[in-house]
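Computation of the quantities below employed the complete heavy-atom set of this structure, encompassing side-chain atoms and omitting hydrogens, waters and symmetry-equivalent molecules.
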Amino acid sequence: VNFLSTWDEFEKTAPPEQQLHYYAIEKHPLSVSDIQKHSQHNAHLEKLLSLYPMRVEGWHTIRLSARVTLTLIFDTVERALPEMQTQVHCWILNSHRPAENLFQHIKRLSTTGTRVVANIADSKNDLEKIGFTVTTKDNELSAIFNHGTSPLLIKKNKPEKIAIIGGGIAGAALAYMLSLRGCAVT
């Protein structure tokens with residue numbers, strides 16, 4: 001449900017060159033019928049359900065449009081977060097009991113301006129310890145990170161032009177994926 005709301009809002013407000021890559025970690029993933037019961041029916045829901053993976057442990061990346069990618073991680077937070085190597089710009093925390101080392105991973109993967117939205121009001125002290133400015137209202141917590149980019153993560157510039165030498169299926173697939181990300185491919 002959080003993902004579908006985020007996708008809808010992204011489509012309405014994001015500039016055309018922007019990409020959304022949403023990561024969802026689910027120890028007990030919902031079935032297709034459960035998702036249908038708890039979500040409003042729309043085109044985004046239909047697209048998601050048509051590509052929804054089998055509920056087996058692991059990382060499942062789904063390209064939903066040229067601008068929207070969803071990675072479903074069917075595993076525990078304790079096992080999934082250490083494997084993540086990407087900057088996160090917004091965290092949505094729904095767990096009633098924060099996972100072990102959760103806040104160290106949030107700090108490692110956050111950058112200046114990263115936001116946290118949570119229904120876990122007792123996470124306030126933990127988030128403040130790692131550099132977030134926290135506010136609470138009606139048992140909902142929101143926070144903004146103020147301590148720069150992790151040294152483990154390197155910002156990369158998007159190349160303007162890319163030449164692919166060699167053809168075949170791999171070359172065509174690479175050209176297609178790069179063009180979806182806004183690169184000029186020759």
Side-chain angles (χ1 to χ4, degrees), residues 1-26 29-30 32 35-36 38-53 59-74 77 80-81 83-95 102 105-120 123 127 130-135 137 140-150 152-162 173-185:
V1 176
N2 285 332
F3 168 68
L4 292 170
S5 300
T6 302
W7 186 5
D8 287 340
E9 192 63 26
F10 176 80
E11 292 285 338
K12 290 177 194 170
T13 62
E17 70 279 356
Q18 206 164 28
Q19 302 277 320
L20 170 64
H21 194 145
Y22 190 104
Y23 292 83
I25 303 170
E26 298 290 342
L30 297 172
V32 169
I35 295 170
Q36 289 171 322
H38 300 291
S39 303
Q40 285 188 318
H41 190 75
N42 64 28
H44 288 161
L45 177 62
E46 282 185 36
K47 179 73 172 183
L48 172 61
L49 295 178
S50 72
L51 298 170
Y52 197 73
W59 293 51
H60 308 274
T61 299
I62 305 167
R63 185 79 172 180
L64 293 161
S65 73
R67 300 174 54 209
V68 177
T69 304
L70 169 63
T71 297
L72 294 167
I73 306 167
F74 297 158
V77 171
L81 282 180
E83 293 182 33
M84 286 186 73
Q85 298 297 321
T86 188
Q87 284 187 334
V88 176
H89 299 282
C90 184
W91 295 89
I92 302 171
L93 305 178
N94 291 323
S95 175
L102 171 67
H105 291 295
I106 288 175
K107 181 178 182 179
R108 178 177 65 87
L109 298 169
S110 295
T111 186
T112 299
T114 293
R115 297 181 178 277
V116 174
V117 179
N119 59 6
I120 315 165
S123 299
L127 286 166
I130 62 169
F132 280 83
T133 302
V134 180
T135 58
K137 183 180 178 185
E140 288 234 347
L141 176 145
S142 64
I144 298 177
F145 192 60
N146 299 312
H147 285 276
T149 303
S150 165
L152 300 174
L153 300 172
I154 301 168
K155 270 198 164 176
K156 297 178 183 174
N157 294 327
K158 182 173 76 173
E160 292 180 27
K161 285 183 160 183
I162 296 174
L174 179 60
Y176 173 72
M177 291 307 295
L178 290 169
S179 70
L180 287 177
R181 294 178 180 192
C183 297
V185 180

Item checked: Criterion side chain to side chain contact (heavy atoms under 4.5 Å, CB included) on Asn42 and Asp8, from CA distance to verdict -> CA-CA 10 Å; Asn42 64 28; Asp8 287 340; 3.8 Å; yes
Next item on the list: Just do the side chain to side chain contact (heavy atoms under 4.5 Å, CB included) check on Gln87 and Leu109 with the steps written out, would you?
Entry: CA-CA 5 Å; Gln87 284 187 334; Leu109 298 169; over 6 Å; no
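Heavy atoms only, all atoms of each residue included: Glu83 and Trp59 are closest at OE1-NE1, 3.6 Å. Residues Ile144 and Gly113 come closest through the heavy atom pair CG2-CA, 4.0 Å. Between Phe132 and Ser110 the shortest heavy-atom distance is CZ-OG, 3.8 Å. Minimum heavy-atom separation, Leu141 to Leu127: CD2-CD1, 3.5 Å. A pairwise comparison of heavy atoms in Leu49 and Gln36 identifies CD1-CG, 3.3 Å as the closest pair. Nearest approach of Thr6 to Tyr22, heavy atoms of both residues: OG1-CE1, 3.6 Å.
A donor atom on one side chain and an acceptor atom on the other are not found under 3.5 Å apart for Ser65 and Trp7. In summary, the side chains of Thr71 and His60 do not present any donor paired with an acceptor at a separation below 3.5 Å, with no hydrogens or angles considered.
Within the 4.5 Å cutoff, the side chain of Leu72 has no heavy atoms near those of the Ile25 side chain. Between Phe145 and Trp91, every side-chain heavy-atom pair lies at or beyond the 4.5 Å cut-off. A 4.5 Å side-chain heavy-atom check between Ile62 and Pro53 finds at least one atom pair inside the cut-off. The side-chain heavy atoms of Leu4 and Leu45, taken from C-beta on, include a pair separated by under 4.5 Å. Between Ile106 and Leu93, the closest side-chain pair of non-hydrogen atoms falls below 4.5 Å. Two residues are said to be in side-chain contact when any heavy atoms from C-beta on lie closer than 4.5 Å; Leu64 and Phe3 meet this criterion. A 4.5 Å side-chain heavy-atom check between Ile73 and Glu26 finds every atom pair outside the cut-off.
Panel note: side chain Arg67, backbone Leu20; no donor-acceptor pair is recorded below 3.5 Å. Judged purely by atom type and a 3.5 angstrom limit, Arg108 uses its side chain to pair as donor or acceptor with the backbone of Leu81.
Put simply, CG on Leu102 and NZ on Lys107 are 14.0 Å apart, with the number rounded to the nearest 0.5 Å. Rounding to the nearest 0.5 angstrom, the gap separating the CD atom in Glu46 from the CG atom in Leu51 is 12.0 Å. One finds the CG atom of Leu30 at 5.5 Å from the OH atom of Tyr52 (value rounded to the nearest 0.5 Å).
Between Leu48 and the choices Val32, Val68, Leu70, the side chain to side chain contact (heavy atoms under 4.5 Å, CB included) rule is met once, by Leu70.
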